[in-house]
Amino acid sequence: SFQEPMDVRIDMPWGYVVGRWYGNRQVRPILALHGWLDNLGTWDKLLPLLPKHLGVLCIDLPGHGYSSKLPEGIAYHFVDYLCVILRVMEEYGWQKVSLMAHSMSAMLCFIFASLYPHRTDLLVSIDIVKTRYRKPASQIDYLRTNIEGYMVEDERFANAKRQEPPAYTYAELEQVLHKGSEYSVELENCHHILERNINRSTKFPAKFFFSRDGRCKYYTEFHTSPPFAAELARTIRNVPYCVIKGSESNFIDEQSDEVIGILRENNPHFELHEVPGTHHVHLNNAIGVAAIINPFIMRHRPPHLEHW
């Protein structure tokens with residue numbers, strides 16, 4: 001019997017983060033974090049397939065889904081999201097955290113686990129293993145483009161109170177998301193992400209607009225050079241760490257080899273698996289992903305070892 005999910009709201013200094021708590025509420029759940037511009041709907045198809053003894057608390061990161069947006073004039077930064085993990089832990093009084101993360105959040109959790117290996121008792125990363133690395137020249141271009149893009153979006157954000165963003169039919173939105181994800185989210189799965197990403201237009205009753213914060217497109221990433229990424233990987237010891245790569249995705253490529261090598265060498269609980277599918281493999285091939293995650297959870301958080 002899959003328990004009805006419970007909506008939760010966790011206060012933050014700038015507003016709140018919302019989440020849905022699925023399954024068992026008697027023990028510390030897994031904290032699930034979505035990818036860039038997505039929301040907790042990304043886990044819809046995987047959740048019913050996971051072990052029943054552990055609940056899963058999925059949250060919408062700031063600016064995504066139904067969580068508060070940051071105030072005008074404030075840019076989104078990687079560190080804000082790291083603080084969200086710590087604030088959720090503080091709110092619930094967790095000494096440790098079990099993490100399940102996709103894409104941008106998998107980068108986030110790589111950093112989190114290297115800063116707090118003693119507080120991370122389990123990490124499942126879907127289709128990204130480390131932070132992004134750009135060569136210095138392209139990093140400079142990226143910074144300039146990002147700042148300018150953010151300034152435009154911040155002005156749009158300020159105007160949105162007076163002027164509604166462009167509106168689309170639902171079918172158009174499905175296409176926008178499908179194409180925008182570079183066809184990673186299958187068309188029939190787009191509704192899982194769209195549900196918490198759109199509002200009904202007040203001008204055109206049959207149309208909708210994107211409600212997520214456009215400034216998130218230009219959030220400041222946490223950049224690392226290869227030596228720095230290698231050093232971060234070295235600090236992750238004895239952390240059960242399961243990485244799942246989508247077979248059709250190139251997010252985990254040879255640039256990740258060094259970090260994977262170090263994690264393998266230093267961490268007896270590191271696993272890397274490939275599952276048929278795109279970057280959103282957990283949404284399009286939930287059965288294949290659950291087949292890897294479930295034994296991993298049963299091994300590292302079995303039913304009888306439960307405590308808060």
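In what follows, every heavy atom counts, from backbone to side chain, and hydrogens, waters and symmetry copies are set aside.
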Worksheet item: Yes or no on side-chain contact (heavy atoms from CB on, under 4.5 Å) for Asn266 and Arg234, after CA distance, side-chain angles and deciding distance?
Response: CA-CA 7 Å; Asn266 286 353; Arg234 280 187 197 99; 3.8 Å; yes

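- A salt bridge (Lys or Arg N to Asp or Glu O under 4.0 Å) with Glu153 is found for one member of Arg215, Arg212, Lys217 and no other, namely Lys217.
- Aromatic ring centres of His77 and Tyr219: separated by at least 6.0 Å.
- Residues Arg162 and Asn159 bring a donor and an acceptor atom of their side chains to less than 3.5 Å of each other.
- For the pair Ser211 (side chain) and Asn197 (backbone), a donor-acceptor distance under 3.5 Å is present.
- Linking ILVMFWY residues whenever their side-chain heavy atoms come closer than 4.5 Å, directly or via other members, places Val129 and Leu82 in the same cluster.
- Without hydrogens or angle criteria, Thr278 side chain to Ser184 main chain gives a donor-acceptor distance under 3.5 Å.
- Using a 4.5 Å cut-off on side-chain heavy atoms (C-beta onward), Tyr22 and Cys58 make contact.
- Checking each of His64, Arg196, His192, His280 against Asp38 for a side chain to side chain donor-acceptor pair (under 3.5 Å) leaves exactly one that passes, namely His280.
- Although no hydrogens or angles enter the test, the distance criterion places no donor-acceptor pair under 3.5 Å between the side chain of Arg20 and the main chain of Ile59.
- The closest donor-acceptor contact from the side chain of Asn285 to the backbone of Pro276 lies under 3.5 Å.
- A donor-acceptor contact shorter than 3.5 Å links the side chain of Asn294 to the backbone of Leu49.
- At least one donor-acceptor pair under 3.5 Å links the side chain of Ser114 to the backbone N or O of Ile111.
- His279 and Ser181 share no side-chain donor-acceptor pair at under 3.5 Å.
- Phe110 places a side-chain heavy atom less than 4.5 Å from the side chain of Thr131.
- Residues Val84 and Tyr16 do not share a hydrophobic cluster, clusters being chains of Ile/Leu/Val/Met/Phe/Trp/Tyr side chains in contact below 4.5 Å.
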Discussion item. Run Trp43 and His282 through ring pair (Phe, Tyr, Trp, His ring centres under 6.0 Å) and show every step you take.
Written reply: CA-CA 7 Å; Trp43 305 111; His282 59 294; 5.0 Å; yes

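- Residues Asn267 and Arg237 form no side-chain contact, since every pair of their non-hydrogen atoms from C-beta on lies 4.5 Å or further apart.
- Residues Tyr133 and Ile252 fall into different hydrophobic clusters, defined by Ile, Leu, Val, Met, Phe, Trp and Tyr side chains chained together at heavy-atom separations under 4.5 Å.
- Both Leu108 and Leu70 are assigned to one and the same hydrophobic cluster, defined by single-linkage of ILVMFWY side chains at heavy-atom distances under 4.5 Å.
- No side-chain heavy atom of Asp80 sits under 4.5 Å from any side-chain heavy atom of Trp14.
- Ile198 and Tyr168 fall within the same hydrophobic cluster, where Ile, Leu, Val, Met, Phe, Trp and Tyr residues are linked whenever their side-chain heavy atoms come under 4.5 Å apart, directly or through other members.
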